[in-house]
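Following: one structure in structure tokens, then a few remarks.
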Amino acid sequence: MRGSKLMNHIDIVMKYNFDELTDRRHTNSYKWDSVTQDNVIPLWVADMDFKTAPPIIKTLRERVEQGIFGYTKVPDEYFQATSRWFERRHGWKIDPGHVIYTSGVVPAISAIIKAFTKPGDKVIVQTPVYNCFFSSIRNNGCIASENELIYKDQTYFIDFDDLEKRAADPSVKILLLCNPHNPAGRVWTVDELKRIGEICRRHDIIVVSDEIHCELVYKPYKYTPFLTLPEEISEPSVACVSPSKAFNIAGLQIANIVCRDEEMRRKIDKAININEVCDVNPFGVLATIAAYNEGEEWLSELLDYLWSNYCFLKEFFDSHLPNLKVVKLEGTYLAWIDCRSLGIPSEELENKLLKEAGVWLNAGDMYGKAGEGFMRINMACPRKRLEEGLWRLKKGLA
């Protein structure tokens, strides 16, 4: 039940067992095995501690049984499954011919920046924002222009006046949009997206919309694909999507770039080949087809469980850490916590909690200077593990 008081457990019957305490230690998990300290609860990097949807596991098991893992040809069914999924769930009819597959959203973003900028150009980001945006910009020799979001009443808004000023700079070529936004938890409204599109169109800026969290949206909020806006607003623009976050298959290395303009697609395809991220593996292809064809029921229950985790976390902070404020969550499974009342720099707080309390969170300053004083918590884990992590957090701050 979304929005109800949930200090105990979700009081609905679920077909899938998201309470299962999966053991990911010693599996070469980046999330779990990146620290040598024993008994750490990692609530940092954005992957989930849940097994993926059973149809995906079944499909991959059958593929493993073949025992041969050579180069992969991406079949038509891959593009059709992707198109049907987005049309059914989001009213976005994707032309399969507009899709370019690659090995991940970050490689996609890096290739797109390479395609449409030269070293010294600027790329607008709306901070605090996903840290890999900065590395993708830097690795292409470009400069990040930070359009800081306005933080008010425990949520975020776009500073459109500042955005207009930054967009007027002729050295700005791209705006990297995070929709839904990580780590702010916003699901941008149609009106907000239209204003972004109008400003960028006015100044000949390409919008590159990272929509990797698009399935992780809670009622009554609604994800609007940027490319469903009227073409006079949404062109030129590119969208990046992947089933990796929603279905916990990031390690399978698969993502799609959607671009309607043929000449832009040609430039992106060239950049993808220059960056050598034009090949994907057989498991990512088959997992995407299975997710989009058979994963909807599992995803629906996942969203209920994630929302109840958020309610649990919020009530924990209200009861036990009232001086720390939980930012309102509309999408993603990443809680953003205002810790500025502690007067401790974010990175110092991350290290303190890891070493002294055995709980690992993300320091807010990694998402730009606008994130200083905040911490990010990954809530996509069984309730018991989340609860233990929160008690460790409280103890570490005592």
Side-chain angles (χ1 to χ4, degrees), residues 6-7 21-50 127-132 134-135 151 154 156 181-185 245 250 306 308-329 332-398:
L6 287 163
M7 281 303 290
L21 288 169
T22 49
D23 184 3
R24 301 183 63 194
R25 295 185 194 279
H26 313 301
T27 64
N28 298 319
S29 163
Y30 189 76
K31 181 180 183 180
W32 283 86
D33 294 330
S34 291
V35 63
T36 56
Q37 183 179 338
D38 290 335
N39 199 31
V40 168
I41 294 182
L43 302 177
W44 63 301
V45 68
D47 71 10
M48 300 191 284
D49 286 343
F50 309 123
T127 55
V129 76
Y130 181 42
N131 53 297
C132 288
F134 296 101
S135 57
Y151 181 59
Q154 291 171 231
Y156 283 89
H181 194 282
N182 167 23
K245 288 295 183 238
L306 292 174
S308 68
N309 267 4
Y310 169 70
C311 293
F312 178 87
L313 176 142
K314 190 172 186 313
E315 290 175 8
F316 186 96
F317 275 89
D318 289 344
S319 299
H320 301 287
L321 296 165
N323 58 321
L324 308 184
K325 302 302 179 185
V326 179
V327 173
K328 182 179 178 182
L329 187 70
T332 82
Y333 50 68
L334 305 164
W336 187 238
I337 314 298
D338 183 354
C339 303
R340 292 176 297 173
S341 62
L342 298 175
I344 304 174
S346 294
E347 187 174 1
E348 182 181 330
L349 182 56
E350 176 185 332
N351 292 330
K352 170 183 169 63
L353 292 171
L354 176 58
K355 293 176 182 177
E356 299 178 13
V359 61
W360 194 352
L361 314 182
N362 283 121
D365 61 344
M366 72 186 295
Y367 306 103
K369 61 181 181 291
E372 179 56 73
F374 290 77
M375 301 294 288
R376 196 186 77 168
I377 300 178
N378 178 352
M379 305 175 298
C381 61
R383 179 71 48 76
K384 186 176 181 180
R385 184 168 291 157
L386 176 62
E387 183 176 10
E388 172 63 21
L390 293 177
W391 281 114
R392 291 189 186 193
L393 170 61
K394 175 177 167 58
K395 181 180 179 180
L397 297 177

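Everything numeric here is computed off the predicted structure, so don't read it as measured data. Position 1 is the first residue of the sequence, and the numbers go up from there.
Summarising the geometry of Asp365 relative to Glu372, their closest heavy-atom pair is CB-OE1, 3.6 Å, with the distance given to 0.1 Å. Nearest heavy atoms, Asp23 versus Thr27: O-CG2, 4.3 Å. Closest approach of Arg385 to Thr22, counting heavy atoms only: NH2-O, 2.9 Å. In this structure, Asp33 and Arg24 approach most closely via the heavy-atom pair OD2-O, 3.9 Å. The heavy-atom pair separating Gly358 from Arg392 by the smallest distance is O-NH1, 2.8 Å. For the pair Pro128 and Pro183, the tightest heavy-atom approach, listed with the atom from each and the gap, is O-CD, 3.4 Å.
Here the CG-CD distance, from Leu43 to Glu388, works out to 10.0 Å after rounding to the nearest 0.5 Å. Separation of atoms CD (Glu350) and CD (Glu347) is listed at 7.0 Å; rounding is to 0.5 Å. To the nearest 0.5 Å, atom NZ of residue Lys394 and atom OG of residue Ser319 are 10.0 Å apart. Separation of atoms NZ (Lys31) and CE (Met48) is listed at 9.0 Å; rounding is to 0.5 Å. Gln154 CD to Lys325 NZ: the interatomic distance, rounded to the nearest 0.5 Å, is 6.0 Å.
Ring-plane geometry between Trp360 and Trp44 is classed as parallel, the angle between the planes falling under 30 degrees on a 0 to 90 degree scale with a further cut at 60.
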*Would Tyr151 and Asp338 satisfy side-chain contact (heavy atoms from CB on, under 4.5 Å), going step by step from the backbone distance to the final call?*
CA-CA 10 Å; Tyr151 181 59; Asp338 183 354; 3.4 Å; yes

*Tell me, with the steps shown, if Tyr333 and Asn378 meet side-chain contact (heavy atoms from CB on, under 4.5 Å).*
CA-CA 6 Å; Tyr333 50 68; Asn378 178 352; 3.2 Å; yes

*asked:* One pair to check against side-chain contact (heavy atoms from CB on, under 4.5 Å): Leu321 and Leu390. What are the steps and the verdict?
replied: CA-CA 10 Å; Leu321 296 165; Leu390 293 177; over 6 Å; no

*Stepwise, does the side-chain contact (heavy atoms from CB on, under 4.5 Å) test hold for Leu354 with Val359?*
CA-CA 5 Å; Leu354 176 58; Val359 61; over 6 Å; no

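Contact check for Leu329 versus Met379: side-chain heavy atoms found under the 4.5 Å cut-off. Within the 4.5 Å cutoff, no side-chain heavy atoms of Leu306 are placed close to those of Thr332. Put simply, the side chain of Ile377 reaches to within 4.5 Å of the side chain of Ile337, judged on heavy atoms. Inter-residue side-chain proximity for His320 and Trp391 is flagged as met; some heavy-atom pair is nearer than 4.5 Å. With contacts defined as side-chain heavy-atom distances shorter than 4.5 Å, the pair Ser346/Met375 qualifies.
With Tyr367 as reference, Trp336 is the one residue of Trp336, Phe134, Tyr130 to meet the ring pair (Phe, Tyr, Trp, His ring centres under 6.0 Å) rule. Remark: of the listed residues Ile41, Leu349, Leu393, Leu393 is the sole one forming a side chain to side chain contact (heavy atoms under 4.5 Å, CB included) with Leu361.
The closest donor-acceptor contact from the side chain of Lys369 to the backbone of Met366 lies at 3.5 Å or more, if one exists at all. Thr127 contributes no side-chain N or O that, together with a main-chain N or O of Val129, makes up a donor-acceptor pair within less than 3.5 Å.
A donor-acceptor contact under 3.5 angstrom links the side chains of Asp49 and Trp32, judged on distance only.
By the side chain to side chain contact (heavy atoms under 4.5 Å, CB included) test, Ser341 is found to be paired with Asn323, Leu324, residues two or more places apart in sequence or in another chain being considered.
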